[in-house]
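Right, one structure below, let's go through it.
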Amino acid sequence: MDFPLARQFFYKEIYQPDPQIDLAKASLYIAQEEYPELDPAEYLDALDTMASEVGDRLPAERYPMRIIQAINQYLYDDLGFTGNGENYYDPRNSFFNDVIDRRTGIPLTLSLVYLELARRLDFPMVGVGMPGHFLIRPDFEGAGIYVDPFNRGEVLFPEDCQQRLAQIYGQPVQLLPAFLEPVGRRRFLGRMLSNLKLIYLNQGDVLKSLAAVERILLLFPGAPIELRDRGILYYQLGQWPKAVQDLQIYLTQVPGAEDGSVIRKLLERMQDNS
């Protein structure tokens, strides 16, 4: 596999059943492409230490709300973790090492810190991919509560999630049950890489955008939109044979695509000039 070493580690981590993927390791391997000298073990040890310090504060009777309160006090009051609302689209908010070092991030990556501490405390939680704002919740039936790591671990009930959706979109939005469904580990990592992809596309950084797309395709081989985007990025890089291959596959998979005419014109341009 002709990949950077960090991507090989990432591929090895995700090439196993979804529940067995270690989110912290996989996220650190994503960051390691940006920071080749990064030592994932250093950050895994930091998470172990953090969890140990929270564990020392827990009462003998570990009720869910008490565990959440202890994590919240430790992360937000003692360590000063905070949501980065001022520079939301700073790529460092999506690199797990930066989030731990800088103690700031976006909903997804602050959720990951929270999830990793909870897991080490034998209090399993899962991610919830509510549109526009990632949340987490205890992983047991009938929990009925959600935690917002971006907002200091605020505890939410379903009606609060409904209000949060309305705030995000500036209008009433129906809270569908699917909005509060757990997010699998591949989907979690895909969301992290999609954030980076969007940031780099907006910055005009073709190579880093391509690196994000390539890793999304490792998670979800053959995903049509990612094949299309990779083809366009190959086109921008002058790698036309690769671009043609991806774009042709995209049109085969999605023959009625809304952007089909645009993609066909692009293919004609490359074929006429090849």
Side-chain angles (χ1 to χ4, degrees), residues 1-51 75 79 81 83-84 87-120 127 134 136 149 183-221 223 226 229-230 233-234 237:
M1 190 181 299
D2 187 21
F3 285 155
L5 190 59
R7 196 174 305 181
Q8 293 182 43
F9 291 145
F10 176 76
Y11 181 76
K12 183 177 180 181
E13 185 60 42
I14 65 171
Y15 195 68
Q16 56 185 332
D18 195 276
Q20 296 178 23
I21 295 172
D22 188 314
L23 276 179
K25 286 183 179 179
S27 298
L28 289 166
Y29 296 145
I30 289 172
Q32 202 173 27
E33 282 204 35
E34 181 74 12
Y35 304 105
E37 301 304 316
L38 184 154
D39 180 6
E42 176 185 339
Y43 291 90
L44 297 174
D45 289 345
L47 291 168
D48 290 342
T49 299
M50 292 162 66
L75 278 181
L79 296 187
F81 274 82
N84 193 340
N87 295 297
Y88 195 88
Y89 297 103
D90 185 332
R92 293 177 295 178
N93 292 329
S94 293
F95 292 127
F96 197 35
N97 62 313
D98 279 327
V99 173
I100 294 172
D101 287 340
R102 301 172 69 235
R103 299 183 181 181
T104 187
I106 53 177
L108 186 74
T109 47
L110 290 174
S111 291
L112 181 54
V113 175
Y114 211 112
L115 288 169
E116 289 298 314
L117 295 190
R119 182 172 67 84
R120 287 164 169 77
F134 202 85
I136 59 177
V183 171
R185 292 167 185 260
R186 281 188 179 80
R187 290 290 174 191
F188 187 104
L189 296 167
R191 194 157 172 162
M192 179 178 287
L193 286 163
S194 293
N195 287 339
L196 285 169
K197 169 189 167 183
L198 179 61
I199 290 167
Y200 290 133
L201 284 173
N202 288 334
Q203 292 180 354
D205 193 325
V206 177
L207 287 174
K208 287 186 177 181
S209 300
L210 178 61
V213 171
E214 287 173 340
R215 283 171 287 179
I216 295 172
L217 283 166
L218 290 179
L219 288 163
F220 307 109
E226 305 306 329
D229 290 351
R230 188 174 67 177
L233 291 167
Y234 279 148
L237 290 169

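What you see is a predicted model, and the numbers here were worked out from it, not measured in a lab. Residue numbers run from 1 in the order of the sequence given.
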Is it the case that more than 12 heavy atoms not belonging to Y35 sit under 6.0 Å from its OH atom?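 Yes - once you tally the heavy atoms of other residues, nucleotides and ligands closer than 6.0 Å, there are more than 12.
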Under 4.0 Å between a Lys/Arg side-chain N and an Asp/Glu carboxylate O for R185 and D22?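 So R185 does not pair with D22 through a salt bridge.
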Indicate yes or no: does K208 engage E34 in a salt bridge with an N to O separation below 4.0 Å.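 Salt bridge present between K208 and E34.
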Would you call [X] and [Y] a side-chain contact if the rule is heavy atoms closer than 4.5 Å?
{"X": "L237", "Y": "L207", "value": "yes"}
{"X": "R92", "Y": "T109", "value": "no"}
{"X": "S209", "Y": "Q203", "value": "no"}
{"X": "L219", "Y": "F10", "value": "yes"}
{"X": "T104", "Y": "L110", "value": "no"}
{"X": "I216", "Y": "L189", "value": "no"}

Side chain to side chain donor-acceptor pair (under 3.5 Å) partners of residues 40-51, not counting sequence neighbours, each pair once: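 Sorted pair list: Y43-D101, D48-R120.
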Quick one: side chain to side chain donor-acceptor pair (under 3.5 Å) pairs with a partner in residues 23-33, sequence neighbours left out?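 Listed by first then second residue: R7-E33.
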Of all heavy-atom pairs between [X] and [Y], which one has the smallest distance, and what is that distance?
{"X": "P149", "Y": "I136", "value": "CG-CD1, 3.8 Å"}
{"X": "G105", "Y": "V99", "value": "CA-CG2, 4.3 Å"}
{"X": "K197", "Y": "E226", "value": "NZ-OE1, 2.9 Å"}
{"X": "L47", "Y": "A24", "value": "CD1-CB, 4.2 Å"}
{"X": "M50", "Y": "L75", "value": "CE-CD2, 3.9 Å"}

Straight-line distance of [X] [atom1] to [Y] [atom2], nearest 0.5 Å:
{"X": "I21", "Y": "R186", "atom1": "CD1", "atom2": "CZ", "result": "4.0 Å"}
{"X": "L196", "Y": "R215", "atom1": "CG", "atom2": "CZ", "result": "7.0 Å"}
{"X": "Y200", "Y": "L193", "atom1": "OH", "atom2": "CG", "result": "10.5 Å"}
{"X": "L233", "Y": "L201", "atom1": "CG", "atom2": "CG", "result": "6.0 Å"}
{"X": "N93", "Y": "N84", "atom1": "CG", "atom2": "CG", "result": "4.0 Å"}
{"X": "L44", "Y": "F96", "atom1": "CG", "atom2": "CZ", "result": "8.5 Å"}

Those residues that, when tested against [X], pass side-chain contact (heavy atoms from CB on, under 4.5 Å) (two or more places apart):
{"X": "P36", "value": "none"}
{"X": "L198", "value": "N202"}
{"X": "N195", "value": "S94, I106, L108"}

Begin with the C-alpha distance, continue with both residues' side-chain angles, and end with the deciding distance and a verdict on side chain to side chain contact (heavy atoms under 4.5 Å, CB included) for Y15 and L218. CA-CA 9 Å; Y15 195 68; L218 290 179; over 6 Å; no
I would like to know whether I14 and Q20 meet side chain to side chain contact (heavy atoms under 4.5 Å, CB included); could you show each step before the answer? CA-CA 9 Å; I14 65 171; Q20 296 178 23; over 6 Å; no
Listed partners of F188 passing ring pair (Phe, Tyr, Trp, His ring centres under 6.0 Å), at least two apart: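 Applying ring pair (Phe, Tyr, Trp, His ring centres under 6.0 Å) to F188 gives F134.
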F220 six-ring face occupied by R187 cation (under 6.0 Å, within 45°):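 Pair R187/F220 counts as cation-pi.
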Could you check whether any side-chain N or O of N97 sits under 3.5 Å from a backbone N or O of L28, counting only pairs where one atom can act as donor and the other as acceptor?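 No, the answer is negative, given that no donor and acceptor are paired below the 3.5 Å cut-off.
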Determine yes or no for a side-chain-to-main-chain donor-acceptor pair under 3.5 angstrom, with Q8 supplying the side chain and F3 the backbone.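 Yes, because the side chain of Q8 sits within donor-acceptor range (under 3.5 Å) of the backbone of F3.
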